[in-house]
Peer 1: 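The structure that follows is given in the form of structure tokens.
By convention in this document, chain letters (A, B, ...) are assigned in the order of the sequence lines, proteins followed by strands, and residues within each chain are numbered from 1.
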Amino acid sequence: MKENTLKHIEHTDITQFQSDLIGWFTEEQRDLPWRKDQDPYKVWVSEIMLQQTRVDTVIPYFLNFIDKFPTVATLAAAPEEEVLKAWEGLGYYSRVRNLQSAVKEVHEQYNGQVPNTPNEISKLKGVGPYTAGAILSIAYGIPEPAVDGNVMRVLSRILSIWKDIAKPSSRKVFEEAIRKLISHENPSFFNQALMELGALICTPTSPKCLLCPVREHCHGFHEGVQNELPIKTKKKSTRSVSLAAAVLVNENGEFLIHKRPSTGLLANLWEFPNCEIGDFSTARKQLEQFLLTEYGLQVDLENGVKTKIDHIFSHLKWNINVYFGKINQSDQPNDSSMEIVTEEELAKYAFPVSHQKIWKCYVDERGILN
DNA sequence: AAGACGTGGGA
DNA sequence: TTCCCAAGTCT
């Protein structure tokens, strides 16, 4: 069965395949900011940002992040608040907390040098099998597989592999294939070329086979099944959660914000006080009760719901009822996870997009009133 | 193994 | 609207 899965490798001219693939990448690769040099730190940052995230989205974040934290030493020394702020809006925020944690370890345990062995680099927080292979091959020229979604899709087609790429167990099949195919002369370009091919030519839908530099090596194309591959089972739909949130302002024009717990969803990001509710019809009462029992705040929320915000995550959906309310200057948080800040100071804190939407609602509404 | 973990874009 | 993503990792 195992031999059968990769049977097409026997009929692949590996040297010619490498040459065609790397030759194409050399000519056609996109000009991307993390391709200016092979600084292991910058390669690392880019690979973490690119996890589950589009190139076009990453570019401005990468430029800003490297501007703010150009080296291992600067990121290791940075306040977490600033680091999270630089990641604000990118999503999967544990990536950047793990990155800074790992960078601190590199700074302290490896004298600031990103390790260059599979064993050492894989121990770093947030560095899984893909990222380890990407850094080792791109920054250090070490022939390790870097198997991401692109590579699994491309190889599924080229080698006509009918394994479900959604299953974690499938990854090792593709790693095995890459170990047989990878160029030892230029593992960096080989790995990047496979991903670039997946992004530009061998796309999820409507692959541009007529433009493909390795079409002659592609068993899926020759079998006419390139549109049937890869096999990928779909995931379950998301569940819905109802929330009520409050934008609370005092006589000084200062706002109450709350820092989320250090684990779980949107960890360590800031938000407007909110709670999960069972029933929209009594949302305001539930929120007032929550503010009293959790934060010791006696608040009269304005009567009407200001807006209803829908926010979709990968695995769940928030339906947020937004309320406005006044607090007194004498109301101080009874909780160290809360702060009272001016509108100007708000810009220093990292908020998830869902709560940026709440703030936008407040600004829009206030603009009408003023 | 399967679910948690974000977001914005395209069909 | 709904679904599927896009250079994955952690638990």
Side-chain angles (χ1 to χ4, degrees), chain A residues 25 29-30 32-35 43-62 84 87-99 101-102 121-135 137-139 145-155 164-172 174-175 178 188 190-200 202-206 230 232-241 260-269 271 310-318 350-357:
Chain A
F25 181 73
Q29 65 172 293
R30 289 168 290 180
L32 299 174
W34 46 88
R35 289 178 174 163
V43 171
W44 184 7
V45 170
S46 73
E47 291 302 340
I48 299 297
M49 284 189 171
L50 286 162
Q51 290 170 8
Q52 302 291 286
T53 311
R54 288 182 159 76
V55 164
D56 288 344
T57 303
V58 167
I59 289 173
Y61 281 92
F62 177 81
L84 273 176
W87 208 269
E88 182 185 56
L90 241 198
Y92 286 142
Y93 299 94
S94 67
R95 289 184 294 176
V96 75
R97 292 185 304 114
N98 287 153
L99 173 62
S101 167
I121 202 166
S122 297
K123 286 180 182 156
L124 298 171
K125 266 185 216 164
V127 178
Y130 163 74
T131 305
I135 297 172
S137 61
I138 297 171
V147 175
D148 70 340
N150 282 132
V151 171
M152 288 195 284
R153 179 177 63 258
V154 170
L155 277 193
D164 182 357
I165 67 171
K167 290 193 184 306
S169 60
S170 297
R171 206 196 69 249
K172 62 180 185 299
F174 294 92
E175 284 182 350
I178 292 295
S188 168
F190 182 90
N191 280 342
Q192 291 187 79
L194 236 26
M195 294 187 277
E196 194 83 340
L197 192 66
L200 301 181
C202 197
T203 45
T205 58
S206 320
K232 187 173 189 180
T233 55
K234 28 194 173 283
K235 31 195 159 173
K236 319 178 0 180
S237 59
T238 62
R239 72 176 202 278
S240 283
V241 176
R260 295 177 61 87
S262 60
T263 58
L265 184 65
L266 306 170
N268 284 1
L269 271 68
E271 65 183 2
D310 284 346
H311 189 75
I312 317 284
F313 297 91
S314 48
H315 57 304
L316 61 85
K317 177 168 158 182
W318 276 355
F351 286 82
V353 170
S354 48
H355 285 259
Q356 293 174 21
K357 291 179 184 174

Peer 1: How many whole angstroms separate atom CH2 of A:Trp318 from atom C1' of B:dC5?
Peer 2: 12 Å

Peer 1: Tell me: NZ of A:Lys232 to C1' of C:dC5, nearest whole Å?
Peer 2: 7 Å

Peer 1: In this structure, how many angstroms lie between the P atom of B:dT7 and the CD atom of A:Glu88, rounded?
Peer 2: 10 Å

Peer 1: Scan nucleotides 8-11 of chain B against the protein and return all N/O pairs shorter than 3.5 Å with their distances rounded to 0.1 Å.
Peer 2:
| residue | atom | partner | partner atom | Å |
| --- | --- | --- | --- | --- |
| B:dG8 | N2 | A:Arg54 | NH1 | 2.3 |

Peer 1: Indicate the atoms forming the closest heavy-atom contact of A:Val154 with A:Gly198, along with that distance.
Peer 2: CG2-CA, 3.6 Å

Peer 1: Between the side chain of A:Ser170 and the main-chain N/O of A:Asp164, is any donor-acceptor distance below 3.5 Å?
Peer 2: yes

Peer 1: How many angstroms lie between CD1 in A:Ile135 and CD1 in A:Ile121, if you round to the nearest 0.5 Å?
Peer 2: 4.0 Å

Peer 1: Would you say the side-chain atoms of A:Ser101 pair up with the backbone N or O of A:Arg97, donor to acceptor, closer than 3.5 Å?
Peer 2: no

Peer 1: With under 30° as parallel and over 60° as perpendicular, where do the rings of A:Trp318 and A:His355 fit, or are they tilted in between?
Peer 2: perpendicular

Peer 1: Between C:dC4 and B:dG3, how far apart are the two P atoms, rounded to whole Å?
Peer 2: 15 Å

Peer 1: Does the A:Arg35 side chain pair with the main chain of A:Arg30, one donor and one acceptor, at a distance under 3.5 Å?
Peer 2: yes

Peer 1: Is A:Tyr61 near enough to B:dT7 that one of its side-chain N or O atoms lies under 4.0 angstrom from OP1 or OP2?
Peer 2: no

Peer 1: Side chain to side chain contact (heavy atoms under 4.5 Å, CB included) with A:Leu90: which residues, sequence neighbours excluded?
Peer 2: A:Met49, A:Thr53, A:Thr57, A:Tyr61, A:Trp87, A:Arg95

Peer 1: Could you state the CG-P distance from A:Asp310 to B:dG6, rounded to the nearest angstrom?
Peer 2: 19 Å

Peer 1: What nucleic acid atoms does A:Gly264 come within less than 4.0 Å of, heavy atoms only: base, sugar-phosphate, or nothing?
Peer 2: sugar-phosphate

Peer 1: Measure the spacing between OH of A:Tyr92 and CD of A:Gln52 and express it to the nearest 0.5 Å.
Peer 2: 5.5 Å

Peer 1: Specify the separation, in whole Å, of atom CG of A:Leu200 and atom C1' of C:dA6.
Peer 2: 13 Å

Peer 1: Kindly say if A:His315 contacts the phosphate of B:dC5, meaning a side-chain N or O under 4.0 Å from OP1 or OP2.
Peer 2: yes

Peer 1: In Å and rounded to the nearest 0.5 Å, what is the OG1 to NZ distance from A:Thr233 to A:Lys167?
Peer 2: 5.5 Å

Peer 1: Return the value, rounded to whole Å, for the distance between atom CZ of A:Arg153 and atom P of C:dC4.
Peer 2: 16 Å

Peer 1: Once you round to the nearest 0.5 Å, how far does OG of A:Ser46 lie from CD1 of A:Ile138?
Peer 2: 6.5 Å

Peer 1: Which atom pairs link the protein and nucleotides 8-11 of chain C when you take only N or O atoms and keep those under 3.5 Å?
Peer 2:
| residue | atom | partner | partner atom | Å |
| --- | --- | --- | --- | --- |
| C:dG8 | OP1 | A:Gly149 | N | 3.4 |
| C:dG8 | OP2 | A:Gln52 | N | 2.4 |
| C:dG8 | OP2 | A:Gln52 | NE2 | 2.9 |
| C:dG8 | N7 | A:Gln52 | NE2 | 3.4 |
| C:dT9 | OP1 | A:Gly128 | N | 2.9 |
| C:dT9 | OP1 | A:Gly128 | O | 3.3 |
| C:dT9 | OP1 | A:Thr131 | N | 2.9 |
| C:dT9 | OP1 | A:Thr131 | OG1 | 2.7 |
| C:dT9 | OP2 | A:Tyr130 | N | 3.3 |
| C:dC10 | OP1 | A:Gly126 | N | 2.5 |

Peer 1: Could you tell me how far B:dC5 sits from C:dA6 if I compare only their P atoms? Round to whole Å.
Peer 2: 23 Å

Peer 1: What is the nucleic acid contact for A:Arg260, judged by heavy atoms within less than 4.0 Å: base, sugar-phosphate only, or nothing?
Peer 2: nothing

Peer 1: Write down the distance separating the P atoms in C:dT11 and B:dG6, rounded off to the nearest Å.
Peer 2: 13 Å

Peer 1: Classify the nucleic acid contact of A:Ser46 as base, sugar-phosphate or nothing, counting any heavy atom under 4.0 Å across all strands shown.
Peer 2: nothing

Peer 1: Using a 4.0 Å heavy-atom cut-off across all strands, classify A:Arg239 as base, sugar-phosphate, or nothing.
Peer 2: sugar-phosphate

Peer 1: Using atom CG of A:Asn268 as one end and atom C1' of B:dC5 as the other, report the distance to the nearest whole Å.
Peer 2: 14 Å

